[in-house]
There are 2 protein chains.
Amino acid sequence: MITLKHVAELAGVSTSTVSRVVSGKDVVSKSVKDKVEKAIKKTGYIPNVNARALANKNSTSIGLVTPDLSLAFFGTLAAGVIDAADDLGVTVDICNSRGKDQNNLNAVKTLIKRGFNNILLDESHCAESKILELCAEVPGLVLMNRFIPQIAERCVCVDNVTGGNMAASYLLDNLHNNIAFITSNSEIADPFDRIHGAKIAMAKRGIDTNNCLVAQAAPTIDGGKQAVLELLNKSDEFTAILAYNDNMAVGAMNELQDRGVRIPDEISVIGFDDLAISTVCRPALTTMHYPIREMADYAVKLSLDLTSSKKTLGTSHKFIPKLIERSSVSKI
Amino acid sequence: MITLKHVAELAGVSTSTVSRVVSGKDVVSKSVKDKVEKAIKKTGYIPNVNARALANKNSTSIGLVTPDLSLAFFGTLAAGVIDAADDLGVTVDICNSRGKDQNNLNAVKTLIKRGFNNILLDESHCAESKILELCAEVPGLVLMNRFIPQIAERCVCVDNVTGGNMAASYLLDNLHNNIAFITSNSEIADPFDRIHGAKIAMAKRGIDTNNCLVAQAAPTIDGGKQAVLELLNKSDEFTAILAYNDNMAVGAMNELQDRGVRIPDEISVIGFDDLAISTVCRPALTTMHYPIREMADYAVKLSLDLTSSKKTLGTSHKFIPKLIERSSVSKI
DNA sequence: TTTATTTCTGCAAGCGCTTGCAGAAATGAT
DNA sequence: ATCATTTCTGCAAGCGCTTGCAGAAATAAA
């Protein structure tokens with residue numbers, strides 16, 4: 001293994017000088033710099049990341065803590081994070097919390113102890129106070145897919161209210177005034193925000209939003225099936241379903257189709273996320289595109305920015321989802 | 001940050017002693033060990049990976065190099081690897097090669113330079129010689145989902161021939177003697193092996209396998225659509241399709257259904273992988289379960305085993321897929 | 001009890017890189 | 001030519017952990 005020392009000897013300078021040339025953090029005279037660079041090229045020297053991390057008291061990796069990579073949503077998120085990090089020459093360590101609530105926080109603590117300064121956390125369930133604590137401890141902690149006002153500039157999330165609004169507006173524009181909601185029973189803000197946004201759109205068109213049909217269930221395919229059943233028991237008047245996410249939407253469609261309901265002729269369905277599943281199901285699902293890739297990219301940059309001396313990323317913002325028209329909503 | 005030194009002071013011993021109880025590599029008297037362990041617990045000490053890697057000249061993480069995490073197959077694989085590693089107290093660094101061929105190898109090289117001794121590589125396209133080179137260089141390199149005879153004991157893969165055989169046998173058992181194949185156009189062994197296995201089953205029952213209907217395309221949903229179209233152009237006699245994987249199977253089913261073909265009444269379809277999509281599509285897909293989780297688990301242990309002094313994992317073997325009956329094959 | 005063994009613990013150097021500090025060299029001002 | 005500045009380079013300590021070596025303590029043998 002070629003070290004600084006080898007390069008230094010070849011160039012006839014001290015290791016400090018070589019270090020300075022390599023890191024570029026300090027001024028080195030042109031002539032010496034040239035000598036050193038020549039020696040580096042000749043030896044094929046590559047800095048040892050571990051030694052560097054040790055001396056710098058920080059890691060060159062960023063940590064990603066996510067509930068379950070085997071779910072398409074998080075897999076895509078992880079892929080985005082890795083790619084973005086890769087472009088910046090940093091690697092990413094991923095922790096899977098296997099869905100167990102407490103694990104996410106534990107994973108973060110472990111990363112902290114391992115010297116990670118940059119952590120991307122996707123955690124929707126735990127108390128805000130816990131997250132605020134972590135944020136205070138880790139300057140490079142970025143929260144994904146959740147918004148906490150006190151740390152707005154460190155949250156990378158989607159504008160759920162606007163997303164819900166856009167989805168409902170699309171339904172309304174296509175004359176589906178009787179919208180039923182299938183939503184997640186997770187105790188997080190997202191489902192409420194989306195419905196809230198939808199109701200704003202409805203109210204704007206003079207539709208009463210006080211007696212909306214709403215069914216809650218797990219945010220999964222099965223949950224979608226259950227929820228739609230609940231809906232069916234309550235009423236048979238709705239002509240459109242606004243689902244919390246693609247999985248629930250597909251579950252609902254499957255269940256309806258199994259019962260002979262034609263989609264979108266009799267009932268239209270709109271999802272949220274735009275995962276692969278939405279192109280696979282029949283009819284292909286019209287849904288709100290969740291800009292996961294862009295968000296992953298931003299999150300990586302944000303975290304790195306937070307721990308660098310010169311901040312470049314300024315204002316906080318929420319990402320706006322985008323409507324993807326496919327075939328699950330009947331059009332006028 | 002809590003270091004060995006803190007623990008040592010609290011326990012009233014030297015850092016060497018603490019190091020020894022932590023690593024377990026040397027004998028420490030019971031009484032001292034207890035003291036130290038108490039101190040460790042009290043302080044919540046966690047070894048600094050960078051320092052450790054530096055001193056040991058190796059890393060405590062294992063690296064996973066995989067084509068694209070946003071694909072369900074690899075996401076599941078990654079989740080399995082992370083969980084298995086987690087159980088053993090090691091973390092995993094993931095590199096995404098974004099499908100670009102050469103990237104996989106580059107990712108491996110980067111990991112090597114960073115001092116990784118344990119690398120899990122999923123690379124189906126590059127030349128065998130390149131992989132053999134890497135294997136020679138990195139003792140803890142394990143190859144996933146690909147078999148190379150010279151390094152059989154370092155390959156973790158599925159028995160594709162048997163898998164293909166089982167799938168075809170199931171079709172045959174249900175009186176589908178006219179089987180058409182939809183296969184991947186990737187230049188890897190898997191598609192051939194699966195068809196080969198299928199033909200063995202057919203031959204065993206006296207069916208001529210020389211004029212089998214085969215259509216190749218990308219191993220994706222779209223590829224499945226294209227392939228089934230090609231099949232339809234060539235013949236209308238087949239009553240069953242054996243697809244290379246679930247994605248192709250679903251693509252084929254969708255396309256057939258769009259053309260009014262009833263599945264499984266008119267044509268039966270069987271897939272391979274058992275990804276989430278196979279339960280989502282309609283009819284739910286009968287498929288060969290790919291034991292990704294078990295394989296991920298084994299791969300992690302194998303890699304660690306390869307770099308440890310005391311080998312425990314002996315014989316090499318291939319994992320056998322398992323038939324999952326759902327509703328896409330009509331039964332007798 | 002003394003001596004030979006065995007077992008345990010601490011010392012100190014080293015893994016490769018970074019950086020505050022201070023001395024050397026170069027530049028400018030007088 | 002002399003002294004004050006500024007610029008550059010090297011020294012050496014330190015990041016946290018490991019480990020060969022040797023001395024101390026405990027055990028066994030005589």
Side-chain angles (χ1 to χ4, degrees), chain A residues 1-37 39-40 43-61 89 110-117 307-309, chain B residues 1-37 39-40 43-61 89-91 112-117 307-309:
Chain A
M1 171 171 247
I2 292 151
T3 70
L4 269 192
K5 209 170 157 192
H6 298 134
V7 178
E9 276 165 12
L10 210 172
V13 298
S14 75
T15 58
S16 335
T17 303
V18 180
S19 171
R20 289 187 178 109
V21 172
V22 173
S23 68
K25 278 189 213 162
D26 249 314
V27 199
V28 178
S29 70
K30 179 87 172 63
S31 61
V32 174
K33 194 173 175 185
D34 287 346
K35 267 197 303 185
V36 172
E37 280 173 346
I40 290 178
T43 54
Y45 166 75
I46 296 229
N48 177 308
V49 273
N50 297 124
R52 187 176 264 186
L54 179 59
N56 283 329
K57 294 159 167 284
N58 78 32
S59 149
T60 47
S61 305
T110 304
L111 287 174
I112 294 174
K113 286 176 187 151
R114 287 187 61 214
F116 277 76
N117 293 329
T307 53
S308 91
S309 44
Chain B
M1 171 172 249
I2 292 150
T3 70
L4 269 192
K5 209 169 157 193
H6 298 134
V7 178
E9 276 165 13
L10 209 171
V13 299
S14 75
T15 58
S16 335
T17 302
V18 179
S19 171
R20 288 187 178 107
V21 340
V22 172
S23 69
K25 277 189 214 163
D26 250 314
V27 199
V28 178
S29 70
K30 179 89 171 63
S31 61
V32 174
K33 193 172 174 183
D34 287 347
K35 264 197 304 185
V36 172
E37 280 173 347
I40 289 178
T43 54
Y45 166 75
I46 295 236
N48 176 306
V49 274
N50 298 124
R52 186 177 265 188
L54 180 58
N56 283 328
K57 294 158 169 285
N58 79 30
S59 151
T60 48
S61 304
V90 317
T91 55
I112 293 174
K113 284 175 191 150
R114 289 187 60 213
F116 277 75
N117 292 328
T307 52
S308 91
S309 45

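In what follows, every heavy atom counts, from backbone to side chain, and hydrogens, waters and symmetry copies are set aside. Below, chain A is the first sequence line, B the second, and so on; all start at residue 1.
- Under the salt bridge (charged side-chain N to carboxylate O under 4.0 Å, His left out) criterion, no residue pair touches residues 1-18 of chain B, with sequence neighbours excluded.
- Atoms CZ (R20(B)) and P (dT7(C)) sit 15 Å apart, rounded to a whole Å.
- Within the 4.0 Å cut-off from OP1 or OP2 of dT19(C), at least one side-chain nitrogen or oxygen of K25(A) is found.
- Annotation: the span from K57(A) atom NZ to N117(A) atom CG amounts to 10.5 Å, rounded to 0.5 Å.
- For the atom pair L4(B) CG and I40(B) CD1, the distance stands at 8.0 Å (nearest 0.5 Å).
- Looking at residues two or more places apart in sequence or on another chain, you find a salt bridge (charged side-chain N to carboxylate O under 4.0 Å, His left out) between R20(B) and D26(B).
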Return the polar atom pairs (N/O with N/O) between nucleotides 12-17 of chain D and the protein under 3.5 Å, or none.
from    : atom 1 : to     : atom 2 : distance (Å)
dC15(D) : O2     : A55(A) : N      : 3.4
dG16(D) : N2     : A51(B) : O      : 3.4
dC17(D) : OP1    : Y45(B) : OH     : 2.4
dC17(D) : OP1    : N48(B) : N      : 3.3
dC17(D) : OP2    : L4(B)  : N      : 2.4

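- Checked by atom type, the side-chain pair T17(B)/S14(B) shows a donor-acceptor distance below 3.5 Å.
- Using a 4.0 Å heavy-atom cutoff across all strands shown, V22(A) reaches no nucleic acid atom at all.
- Within 4.0 Å (heavy atoms only), V18(B) reaches no atom of the nucleic acid at all.
- N50(A) and L54(B) get closest at one heavy-atom pair: CB-N, 4.2 Å.
- Applying the 4.0 Å criterion to OP1 and OP2 of dG10(C), one finds that T17(B) has a side-chain N or O inside that range.
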